[in-house]
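What follows is a set of notes on a single structure, which appears directly below.
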Protein chains: 2
Amino acid sequence: MKKKKDENTEVQILEAAKTIFQSKGMDGARMQEIADEAGINKAMLHYYFRNKQLLFEAVFKNAFLLLAPQLSAVLNDNSSIEVKVRNFTSNYISFILVHPYIPSFIIQELNRNPDFILKLKDNPNFPNLEKFKKQVEEEVQQGLIKPISAEQLFINIMALNVFPFVAKPLLKAITATNDEQYQKLVEARTTEVADFIINSIKTI
Amino acid sequence: MKKKKDENTEVQILEAAKTIFQSKGMDGARMQEIADEAGINKAMLHYYFRNKQLLFEAVFKNAFLLLAPQLSAVLNDNSSIEVKVRNFTSNYISFILVHPYIPSFIIQELNRNPDFILKLKDNPNFPNLEKFKKQVEEEVQQGLIKPISAEQLFINIMALNVFPFVAKPLLKAITATNDEQYQKLVEARTTEVADFIINSIKTI
DNA sequence: AACTTCATTAACCATTTGGTTAAACTATTT
DNA sequence: AAATAGTTTAACCAAATGGTTAATGAAGTT
């Protein structure tokens with residue numbers, strides 16, 4: 001091999017960096033630990049990504065690129081609000097079961113450095129509320145759902161779906177459940193949350 | 001002054017540590033920065049709190065002791081579920097306006113170190129669901145609210161109230177609002193969220 | 001006033017950590 | 001096979017960082 005950096009090594013680094021960064025955060029992660037996880041020399045991290053900040057940004061962007069389509073899904077398809085809510089809830093919970101750390105990771109690191117989001121906003125996949133806004137207004141107009149702003153509805157959908165994963169340790173303690181019980185509680189939400197939202201907004 | 005550690009200094013340190021830890025987290029915070037913020041020598045931090053971990057735990061406990069009563073409020077008074085939901089939502093949002101960093105801080109650090117909660121669980125003020133459970137069951141039985149488990153209802157209440165603050169940078173970006181607009185959006189939730197919840201669970 | 005005790009500081013220390021460098025290695029090109 | 005160019009490593013480095021220490025200050029006790 002020549003001329004081209006070994007893509008395999010690069011992927012290995014990203015994979016290891018993802019593991020370490022997502023469990024320890026930018027500040028808690030150590031370059032040596034990432035190198036060990038990847039099974040390579042620490043200098044390689046710098047050879048491929050120059051420094052810790054750039055490596056972190058690569059991991060962060062990858063994570064966001066996985067999450068963004070999940071959010072956009074609620075916003076940009078053509079089904080009714082009710083169907084959207086049901087699909088989103090069920091899709092999101094499956095998604096999390098595969099990528100459990102992503103939402104906490106993104107929210108945590110955005111709190112640490114809010115300017116970070118500016119680098120993502122340009123991205124064409126960045127979730128956009130426009131279409132959803134029109135749809136909510138229309139359904140309200142038509143009397144299909146009770147008056148609510150698209151922003152508030154969106155926040156509610158996100159909150160009910162994402163929060164149980166982000167606040168897992170706290171909620172586990174308060175509900176006095178073990179891992180298995182909490183997992184069941186969360187899985188039950190696949191339908192519970194959708195029903196809860198729809199109950200609230202649908203007209204009688 | 002003698003015999004007693006200068007309480008003023010101790011308070012100054014805790015105040016400074018709170019500021020730094022809550023904005024940078026345990027890993028991102030620097031002892032020197034805390035000392036500077038408190039306007040004292042770095043050695044004082046160790047004199048009063050021995051090491052970084054213990055200083056952090058003091059700050060964390062203080063934060064949790066502020067938050068816990070807010071949560072217990074929903075669970076332990078005697079009003080109806082509907083009144084409780086309204087009171088909690090309105091109280092919680094006022095609370096956050098005074099202590100904006102607390103919930104993110106707690107959730108973030110619990111994710112970093114889930115065992116941390118064990119140190120809090122013993123505390124008599126730790127939120128307990130027992131009473132709330134009975135109440136929900138009763139109101140369901142009486143047909144006052146639709147069937148829902150106390151755990152799910154509690155998670156929903158928490159999610160709808162806490163999430164907008166924890167995920168502020170992300171939600172600000174997606175809703176394309178500036179600080180002022182987002183603040184308004186959140187303040188509107190004082191009543192919006194309560195209505196949303198009650199709409200969903202009340203029987204017709 | 002001498003003594004004792006806690007509070008505070010400046011200087012110091014060992015370790016950790018992100019990052020660098022020069023050399024070795026590997027594969028491709030000529 | 002010699003030259004070339006990218007890849008990988010071990011060793012190294014300077015700065016940052018949590019923590020310590022020995023000396024000084026200040027206040028109460030005798």
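Letters A, B, ... mirror the listed sequences (proteins, then strands); counts begin at 1.
Between the side chain of Thr89(B) and the backbone N or O of Arg86(B) there is no donor-acceptor pair closer than 3.5 Å.
Contact check, Tyr47(A) against dT9(D): no side-chain N or O comes under 4.0 Å of OP1 or OP2. Applying the 4.0 Å criterion to OP1 and OP2 of dT8(D), one finds that Thr9(A) has a side-chain N or O inside that range.
Atom CZ in Phe49(B) sits about 15 Å away from atom C1' in dA7(C), given to the nearest Å. We find that CG of Leu54(A) is positioned 14 Å from P of dG18(C), with the value rounded to whole Å. The CG-C1' distance, from Asn8(B) to dT8(C), rounds to 14 Å in whole Å. In this entry the distance linking CE of Met44(B) with C1' of dG25(D) reads 12 Å, nearest Å. Across the protein-nucleic acid pair, Leu45(A) atom CG and dT7(D) atom P stand 15 Å apart, rounded to whole Å. Taking atom CD of Glu10(B) as the reference point, atom P of dA7(C) lies 10 Å away to the nearest angstrom.
With no hydrogens or angles considered, a side-chain donor-acceptor pair links Lys131(B) and Asn78(B) at under 3.5 Å. Looking only at atom types and distance, the side chain of Gln32(B) has a donor-acceptor partner in the side chain of Asp36(B) under 3.5 Å away. Remark: the Glu137(A) side chain and the Gln141(A) side chain contain no N/O donor-acceptor pair separated by less than 3.5 Å.
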Q: Any chance you could lay out the side-chain contact (heavy atoms from CB on, under 4.5 Å) test for Lys84(B) and Asp77(B), step after step, and finish with the verdict?
A: CA-CA 8 Å; Lys84(B) 265 185 186 178; Asp77(B) 82 1; 2.9 Å; yes

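Remark on the helix from dA1(C)-dT30(D) to dT30(C)-dA1(D): inter-end axis angle 10°, axes from five-pair C1' superpositions, rounded to 10°.
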Q. Can you give one letter per nucleotide of nucleotides 14-21 of chain D, going 5' to 3': B for a protein heavy atom under 4.0 Å from the base, S for sugar-phosphate only, - for none?
A. ---SBBBB

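Residue Lys168(A) holds its NZ atom at 14.5 Å from CD1 of Ile107(B), rounded to the nearest 0.5 Å.
Of the charged side-chain nitrogens involved, none lies within less than 4.0 Å of a carboxylate oxygen, so that Glu192(B) and Arg189(B) do not count as a salt-bridged pair.
In terms of heavy-atom proximity, Phe154(A) sits nearest to Leu129(A) at CG-CD2, 4.0 Å.
Checked against side chain to side chain contact (heavy atoms under 4.5 Å, CB included), Phe56(B) has the following partners two or more places apart in sequence or in another chain: Phe21(B), Met26(B), Phe60(B), Phe105(B), Glu109(B), Arg112(B), Phe116(B).
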